[in-house]
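Just below is one structure, and these are the notes that go with it.
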Amino acid sequence: MKRVYIENLGEHVGEVAELRGWLYHKRSSGKVRFLVMRDGTGLLQGVMVKGGVSDEVFERFDALTQESSFSMTGKVKKDDRAPGGFELEVSDVNVIAIAEEYPITPKEHGIEFLADRRHLWLRSSRQHAIMRVRHRIIKAIRDFFDGRGFTLMDSPILTPAACEGTSTLFETDYFDLGKAYLTQSGQLYAEAGAMALGKVYCFGPTFRAEKSKTRRHLTEFWMVEPEVAFNDLNDDMELAEDFLEYVVQNVLKDCEKELKVLERNTALLQNVKAPLPRISYDEAVEMLRKKGINFEWGNDLGGTDETVISEQFDRPVMVHRYPAQVKAFYMKRDPQNANLALAVDVLAPEGYGEIIGGSQREDDLQALLDRIKEHNLPQEAFEWYLDLRRFGSVPHAGFGLGVERTVSWICGLEHIRETIPFPRMIYRNTP
RNA sequence: UCCGCGAUAGCUCAAUGGUAGAGCAUGCGGCUGUUAACCGCAGGGUUGUAGGUUCGAGUCCUACUCGCGGAGCCA
């Protein structure tokens with residue numbers, strides 16, 4: 001007996017196969033009974049006709065409840081009436097475990113109810129599709145950098161001090177050394193990596209203790225951060241647009257089925273190809289004012305500002321050269337205008353906001369010392385970082401991409417909480 | 001932290017201040033091609049918590065708890 005997965009059924013038409021999975025739902029019209037199985041790779045409808053199987057097997061149908069685990073054996077047929085396009089002419093059914101009354105029915109549920117049962121919610125087709133897209137995005141991210149000679153060099157999660165000195169961090173006791181903090185970015189460590197290995201990226205979870213309560217925020221999220229020695233801001237933007245093209249086009253190619261489940265209109269995603277439009281912060285401000293928004297030069301772009309700007313384009317847009325005062329201390333100033341930082345944010349279309357933030361880094365020791373002083377940061381905590389400028393400093397640049405916001409955008413979701421298996425938010429850390 | 005909205009059956013929601021309802025789910029019965037199947041019957045309620053107004057409160061008032069959305073901050 002051949003045990004097969006539903007996604008491979010096309011290779012087994014006409015054969016007798018065994019499938020193992022869970023009952024998605026069942027229907028009966030008396031002597032014809034339908035069992036819809038899910039096995040993690042797809043859905044398959046099994047059909048039993050009274051008289052076509054033994055009475056004993058026929059009656060096992062009665063015991064099966066939603067999400068009971070079971071196996072079924074039968075001949076694989078192509079049938080357009082069945083979900084998935086294939087059907088199993090069932091000859092045997094074996095119960096593995098009968099499920100208790102399953103709380104998540106095919107009808108609609110409220111978000112709190114589902115979030116409390118996230119461990120079960122993941123079994124539903126929509127969540128299944130999102131997790132598959134998330135996986136494909138992460139694979140594309142790694143393939144892209146690996147294929148360009150980058151080395152994955154992870155940064156620590158427990159850190160002695162704030163990386164950027166701004167956000168609120170999660171704090172924990174660290175033996176006799178006092179406090180440690182959960183990282184908000186691996187970037188500073190990635191810079192050390194770039195000086196050692198040339199092209200590196202780090203990819204791990206990051207943590208923000210800010211009490212952000214919006215559809216775009218998690219307290220724990222994943223970020224990939226490439227860092228490249230000898231790159232300037234322009235190189236950084238070219239890397240970012242090639243990267244986004246690679247990720248989006250690979251997901252479109254390999255996740256057609258999942259995006260269909262999600263009812264994602266992929267027209268705009270098809271447009272994600274380098275080069276992406278680039279505008280300066282100054283141009284962005286002008287754009288906002290033309291739209292009647294009273295925006296003061298020098299402020300950071302808010303959520304609604306980002307949406308208004310991104311609506312002017314049919315693909316992600318790169319906004320570069322922000323006022324230095326709203327950006328982090330390590331960003332290099334524009335030699336043409338010392339009020340500007342050589343920073344770039346990539347704004348996703350359709351109101352999904354900032355998915356990438358990057359910059360050319362300050363490579364001058366004295367300038368960096370001044371910045372640390374201006375931002376009231378403890379210099380001793382950054383001595384190792386300053387060493388990178390003392391020992392063969394070079395221009396370098398990098399960026400960070402928020403994985404969950406990218407998943408949210410590509411899947412076309414309403415809320416970021418569905419993009420990660422077990423979301424951590426300000427009022428939820430379970431299950 | 002601030003602003004707004006909400007909480008009624010297992011779930012999703014109804015119910016002019018006047019007897020607590022429906023669909024789904026569950027149980028039982030029926031049906032030889034169903035697609036969130038369909039048809040019939042049945043069980044299922046301290047209306048988030050604590051007070052108050054009233055002859056009478058799911059409904060009006062106050063406080064609290066929890067949730068949702070947004071702002072700020074950010075990926």
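These numbers come from the heavy atoms of this one structure, side chains and all, not from hydrogens, waters or symmetry mates. A, B, ... follow the sequence lines: proteins, then strands. Residue 1 opens every chain. Worth saying up front: this structure is predicted, and the values here are computed from it rather than measured.
- The separation of rC13(B) from rG52(B), taken at their P atoms, amounts to 32 Å, rounded to a whole angstrom.
- Taking a cutoff of 4.0 Å between a charged side-chain nitrogen and a carboxylate oxygen, Glu258(A) and Arg136(A) do not qualify as a salt bridge.
- Spacing of P atoms, rC61(B) relative to rC68(B), comes out at 25 Å, to the nearest Å.
- Arg417(A) pairs by the side-chain hydrogen bond (donor to acceptor under 3.5 Å, both in side chains) definition with nothing, not counting sequence neighbours.
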Distances for protein N or O near nucleotides 21-25 of chain B N or O, under 3.5 Å:
none

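- Between Ser28(A) and Pro103(A), the one whose closest nucleotide on RNA chain B sits nearer the 5' end is Pro103(A).
- If Gly357(A) and Phe113(A) are placed on RNA chain B by their nearest nucleotide, the residue sitting closer to the 5' end is Phe113(A).
- Taking the ring centre of Tyr427(A) as origin, the terminal cationic atom of Lys213(A) falls outside the region bounded by 6.0 Å and 45° from the ring axis.
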Each base of RNA chain B marked ( ) or [ ] if paired in-strand (Watson-Crick or G-U under 3.5 Å), | if paired to another strand and . if unpaired gives (((((((..((((....[..)))).(((((.......))))).....(((((..]....))))))))))))....
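- For RNA chain B, none of the residues of residues 117-134 of chain A falls under the heavy-atom distance limit of 4.0 Å.
- For the salt bridge (charged side-chain N to carboxylate O under 4.0 Å, His left out) test, no residue two or more places apart in sequence or in another chain qualifies with Arg117(A).
- At the heavy-atom level, Glu404(A) lies nowhere under 4.0 Å from the strands shown.
- Side-chain contact check for Gln127(A) and Glu418(A): at least one donor-acceptor pair (N or O, by modelled atom type) lies under 3.5 Å.
- Nucleotides rU26(B) and rG10(B) are separated by 9 Å at their C1' atoms, to the nearest Å.
- The gap from the C1' atom of rU34(B) to that of rU19(B) amounts to 42 Å, rounded to the nearest Å.
- For Arg27(A), there are no salt bridge (charged side-chain N to carboxylate O under 4.0 Å, His left out) partners two or more places apart in sequence or in a different chain.
- For the C1' atoms, the distance from rG67(B) to rU49(B) is 15 Å, rounded to whole Å.
- The salt bridge (charged side-chain N to carboxylate O under 4.0 Å, His left out) test applied to Arg142(A) returns no partner, not counting sequence neighbours.
- Judged as a salt bridge (charged side-chain N to carboxylate O under 4.0 Å, His left out), and not counting sequence neighbours, Glu311(A) has no contacts.
- The closest side-chain donor-acceptor pair between Tyr201(A) and Asp146(A) falls under 3.5 angstrom.
- Atom-to-atom, OH of Tyr24(A) to C1' of rU34(B) comes out at 16 Å; the value is rounded to the nearest Å.
- In this view, Trp297(A) and Asp282(A) satisfy the side-chain hydrogen bond (donor to acceptor under 3.5 Å, both in side chains) rule, not counting sequence neighbours.
- Nucleotides rC38(B) and rA75(B), compared at atom C1', are 49 Å apart to the nearest Å.
- Contact annotation for Gly51(A): no contact, since no heavy-atom pair falls under 4.0 Å across all strands.
- Defined by atom type and a distance below 3.5 Å, a donor-acceptor pair is missing between the side-chain atoms of Tyr330(A) and Glu191(A).
- In this view, Tyr385(A) satisfies the ring-ring contact (aromatic ring centres under 6.0 Å, His included) rule with no residue, not counting sequence neighbours.
- With C1' as the reference atom, rA22(B) and rG17(B) are 23 Å apart, rounded to whole Å.
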Output one line per pair: protein atom, nucleotide atom from nucleotides 64-72 of chain B, and distance, for all N/O pairs under 3.5 Å.
| unit_1 | atom_1 | unit_2 | atom_2 | d |
| --- | --- | --- | --- | --- |
| rG67(B) | OP1 | Tyr427(A) | O | 3.2 |
| rG69(B) | OP1 | His415(A) | NE2 | 3.1 |
| rG69(B) | OP1 | Arg417(A) | NH1 | 3.2 |
| rG69(B) | OP1 | Arg417(A) | NH2 | 3.0 |
| rG69(B) | O3' | Arg215(A) | NH2 | 3.1 |
| rG70(B) | OP1 | Arg215(A) | NE | 2.1 |
| rG70(B) | OP1 | Arg215(A) | NH2 | 2.8 |
| rG70(B) | OP2 | Arg215(A) | N | 2.9 |
| rG70(B) | N7 | Lys213(A) | O | 3.4 |
| rG72(B) | O6 | Lys213(A) | N | 3.3 |
| rG72(B) | N1 | Lys211(A) | O | 3.3 |

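- Pairs of residues two or more places apart, or lying in two chains, that qualify as side-chain hydrogen bond (donor to acceptor under 3.5 Å, both in side chains) and include a residue from residues 46-59 of chain A are Glu56(A)-Arg60(A).
- Residue contacts for Leu218(A): at a heavy-atom cut-off of 4.0 Å it reaches a base atom on one of the strands shown.
- On the C1' atoms, rG72(B) is 35 Å away from rC60(B), given to the nearest whole Å.
- For the pair Ala192(A) and Trp384(A), the tightest heavy-atom approach, listed with the atom from each and the gap, is CB-CZ3, 4.1 Å.
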